[in-house]
Amino acid sequence: MSIKNSFVGLAGLVVMNMVMSILEPLHVSATIEVETEPLETVTEIVVELHDDYFSPDSITIAKEETTKLLLENVGQKEHTFTVEKLGIDVEVKPGEQKTITVKPEEPGTYELICRYHEKEGMVGEVIVE
(Lines give C-alpha, C1' and ligand atoms only; values in the text may rest on other atoms or scores of the structure.)
Protein backbone atom coordinates (compact mmCIF):
# COMPACT_ATOMS: atom_id res chain seq x y z
CA MET A 1 0.00 0.00 0.00
CA SER A 2 1.36 3.37 -0.89
CA ILE A 3 1.64 6.33 1.41
CA LYS A 4 -0.85 8.17 -0.79
CA ASN A 5 -3.49 5.46 -0.35
CA SER A 6 -2.86 5.36 3.41
CA PHE A 7 -3.22 9.13 3.64
CA VAL A 8 -6.50 9.07 1.65
CA GLY A 9 -7.83 6.28 3.90
CA LEU A 10 -6.80 8.14 7.05
CA ALA A 11 -8.35 11.38 5.75
CA GLY A 12 -11.57 9.50 5.00
CA LEU A 13 -11.70 8.14 8.56
CA VAL A 14 -11.11 11.62 10.01
CA VAL A 15 -13.89 13.14 7.86
CA MET A 16 -16.26 10.29 8.75
CA ASN A 17 -15.48 10.76 12.43
CA MET A 18 -16.19 14.49 12.18
CA VAL A 19 -19.51 13.91 10.39
CA MET A 20 -20.60 11.37 13.00
CA SER A 21 -19.67 13.69 15.86
CA ILE A 22 -21.72 16.49 14.27
CA LEU A 23 -24.76 14.31 13.61
CA GLU A 24 -24.73 12.48 16.93
CA PRO A 25 -26.32 15.32 18.96
CA LEU A 26 -29.18 15.44 16.47
CA HIS A 27 -30.39 12.03 17.59
CA VAL A 28 -32.06 13.19 20.78
CA SER A 29 -34.65 11.15 22.54
CA ALA A 30 -36.98 12.48 25.21
CA THR A 31 -39.61 11.15 27.50
CA ILE A 32 -42.78 13.21 27.69
CA GLU A 33 -45.29 12.84 30.46
CA VAL A 34 -48.65 14.47 29.96
CA GLU A 35 -50.83 15.19 32.93
CA THR A 36 -54.48 15.49 32.09
CA GLU A 37 -56.77 17.57 34.20
CA PRO A 38 -60.39 18.35 33.54
CA LEU A 39 -60.85 21.65 31.76
CA GLU A 40 -62.16 24.39 33.98
CA THR A 41 -65.70 25.40 33.15
CA VAL A 42 -65.92 29.14 32.60
CA THR A 43 -69.19 30.89 33.31
CA GLU A 44 -70.06 33.92 31.16
CA ILE A 45 -72.33 36.70 32.35
CA VAL A 46 -73.53 39.52 30.09
CA VAL A 47 -73.82 42.91 31.78
CA GLU A 48 -75.43 45.79 29.89
CA LEU A 49 -74.32 49.31 30.76
CA HIS A 50 -77.30 51.57 30.08
CA ASP A 51 -77.31 55.28 30.65
CA ASP A 52 -77.32 55.49 34.45
CA TYR A 53 -77.91 51.80 35.36
CA PHE A 54 -76.46 48.29 35.04
CA SER A 55 -78.53 45.34 33.85
CA PRO A 56 -78.43 43.20 35.89
CA ASP A 57 -77.46 45.41 38.79
CA SER A 58 -76.65 42.41 41.00
CA ILE A 59 -74.18 39.81 39.74
CA THR A 60 -73.37 36.59 41.58
CA ILE A 61 -70.15 34.75 40.81
CA ALA A 62 -68.49 31.74 42.39
CA LYS A 63 -65.46 32.08 44.64
CA GLU A 64 -62.20 30.76 43.13
CA GLU A 65 -63.84 29.99 39.78
CA THR A 66 -63.15 31.79 36.53
CA THR A 67 -66.01 33.94 35.30
CA LYS A 68 -66.11 35.98 32.09
CA LEU A 69 -68.04 39.21 32.21
CA LEU A 70 -69.13 40.52 28.82
CA LEU A 71 -69.67 44.25 29.30
CA GLU A 72 -71.87 45.86 26.65
CA ASN A 73 -72.38 49.61 26.65
CA VAL A 74 -75.83 50.03 25.10
CA GLY A 75 -76.16 53.63 26.26
CA GLN A 76 -75.17 56.94 24.70
CA LYS A 77 -72.56 57.84 27.32
CA GLU A 78 -69.17 56.39 28.20
CA HIS A 79 -69.34 54.25 31.36
CA THR A 80 -67.08 52.35 33.71
CA PHE A 81 -67.53 48.97 35.30
CA THR A 82 -65.72 49.52 38.58
CA VAL A 83 -65.43 47.16 41.55
CA GLU A 84 -62.56 48.69 43.50
CA LYS A 85 -62.19 45.93 46.09
CA LEU A 86 -61.80 43.33 43.33
CA GLY A 87 -59.36 45.49 41.37
CA ILE A 88 -61.74 45.97 38.42
CA ASP A 89 -61.97 49.30 36.59
CA VAL A 90 -62.91 49.09 32.91
CA GLU A 91 -64.00 51.96 30.67
CA VAL A 92 -66.55 51.07 27.98
CA LYS A 93 -67.44 53.54 25.23
CA PRO A 94 -70.94 53.73 23.70
CA GLY A 95 -71.60 50.78 21.40
CA GLU A 96 -68.48 48.99 22.63
CA GLN A 97 -68.14 45.53 24.20
CA LYS A 98 -65.35 44.38 26.47
CA THR A 99 -64.78 41.00 28.05
CA ILE A 100 -63.00 40.67 31.36
CA THR A 101 -62.14 37.54 33.30
CA VAL A 102 -62.34 37.42 37.08
CA LYS A 103 -61.50 34.75 39.63
CA PRO A 104 -62.24 36.22 43.08
CA GLU A 105 -60.70 34.54 46.10
CA GLU A 106 -62.73 36.07 48.94
CA PRO A 107 -66.50 35.72 49.37
CA GLY A 108 -68.51 38.84 50.05
CA THR A 109 -70.65 41.57 48.56
CA TYR A 110 -68.71 44.19 46.61
CA GLU A 111 -69.87 47.62 45.44
CA LEU A 112 -70.20 48.06 41.67
CA ILE A 113 -70.23 51.61 40.31
CA CYS A 114 -69.81 53.65 37.17
CA ARG A 115 -67.25 56.27 38.19
CA TYR A 116 -68.87 58.79 35.82
CA HIS A 117 -72.50 58.25 36.84
CA GLU A 118 -72.50 56.95 40.42
CA LYS A 119 -74.32 60.09 41.61
CA GLU A 120 -77.04 59.45 39.03
CA GLY A 121 -77.65 56.03 40.58
CA MET A 122 -75.47 53.85 38.35
CA VAL A 123 -74.57 51.42 41.11
CA GLY A 124 -74.91 47.73 41.76
CA GLU A 125 -73.24 44.84 43.51
CA VAL A 126 -71.08 41.84 42.79
CA ILE A 127 -71.72 38.93 45.15
CA VAL A 128 -68.98 36.32 45.49
CA GLU A 129 -70.17 33.04 47.03
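To the nearest 0.5 Å, the span separating OG1 on Thr109 from CD on Glu129 amounts to 8.5 Å. Here the straight-line distance linking atom CD1 of Ile59 with atom CG of Leu112 works out to 5.5 Å at 0.5 Å rounding. The line from OG1 of Thr101 to CD of Glu44 is 9.0 Å long, rounded to the nearest 0.5 Å. Leu69 CG to Ile100 CD1: the interatomic distance, rounded to the nearest 0.5 Å, is 4.5 Å. In this structure, NZ on Lys68 lies 11.0 Å from OG1 on Thr43, to the nearest 0.5 angstrom. Separation of atoms OG1 (Thr99) and CG (Leu71) is listed at 7.0 Å; rounding is to 0.5 Å.
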Candidate pair Val42 and Thr67, rule side-chain contact (heavy atoms from CB on, under 4.5 Å), full reasoning = CA-CA 6 Å; Val42 177; Thr67 302; 6.0 Å; no
In sequence, state the C-alpha distance, the side-chain angles, and the governing distance for Met122 and Tyr116, and then conclude on side-chain contact (heavy atoms from CB on, under 4.5 Å).
-> CA-CA 9 Å; Met122 194 166 181; Tyr116 304 142; over 6 Å; no
Please lay out, stage by stage, how Glu96 and Glu72 fare under the test side-chain contact (heavy atoms from CB on, under 4.5 Å).
-> CA-CA 6 Å; Glu96 187 177 61; Glu72 296 181 338; over 6 Å; no
Verdict with supporting geometry, Cys114 and Phe54, side-chain contact (heavy atoms from CB on, under 4.5 Å) | CA-CA 9 Å; Cys114 170; Phe54 296 100; 4.1 Å; yes
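Counting heavy atoms from C-beta on, the side chains of Glu91 and Glu78 come closer than 4.5 Å. No side-chain heavy atom of Val126 sits less than 4.5 Å from a side-chain heavy atom of Glu111.
Each of Val123 and Val128 belongs to its own hydrophobic cluster when Ile, Leu, Val, Met, Phe, Trp and Tyr are linked at side-chain heavy-atom distances under 4.5 angstrom. Hydrophobic clustering, with ILVMFWY side chains joined whenever heavy atoms are under 4.5 angstrom apart, groups Ile61 together with Val90. Both Val92 and Ile45 are members of a single hydrophobic cluster when ILVMFWY side chains are connected at heavy-atom separations under 4.5 Å. Each of Tyr53 and Ile113 belongs to its own hydrophobic cluster when Ile, Leu, Val, Met, Phe, Trp and Tyr are linked at side-chain heavy-atom distances under 4.5 angstrom.
In this structure, Thr66 and Lys103 approach most closely via the heavy-atom pair OG1-CD, 3.6 Å. Across every non-hydrogen atom of Thr80 and Leu49, the tightest pair is O-CD2, 4.0 Å. Annotation for Pro94 and Gly75: closest pair CB-O, 3.5 Å, computed over non-hydrogen atoms.
Side chain of Asp51 to backbone of Lys77: a donor-acceptor contact under 3.5 angstrom is found. No donor-acceptor distance shorter than 3.5 angstrom exists from the side chain of Asp52 to the backbone of Glu120, with no hydrogens or angles considered. Using modelled atom types, one side-chain atom of His79 and one backbone atom of His50 make a donor-acceptor pair closer than 3.5 Å.
Glu106 has no carboxylate O lying under 4.0 Å from a charged side-chain N of Lys85, or vice versa, which leaves the two without a salt bridge.
In this model, a donor atom of one side chain and an acceptor atom of the other lie less than 3.5 Å apart for Glu125 and Ser58.
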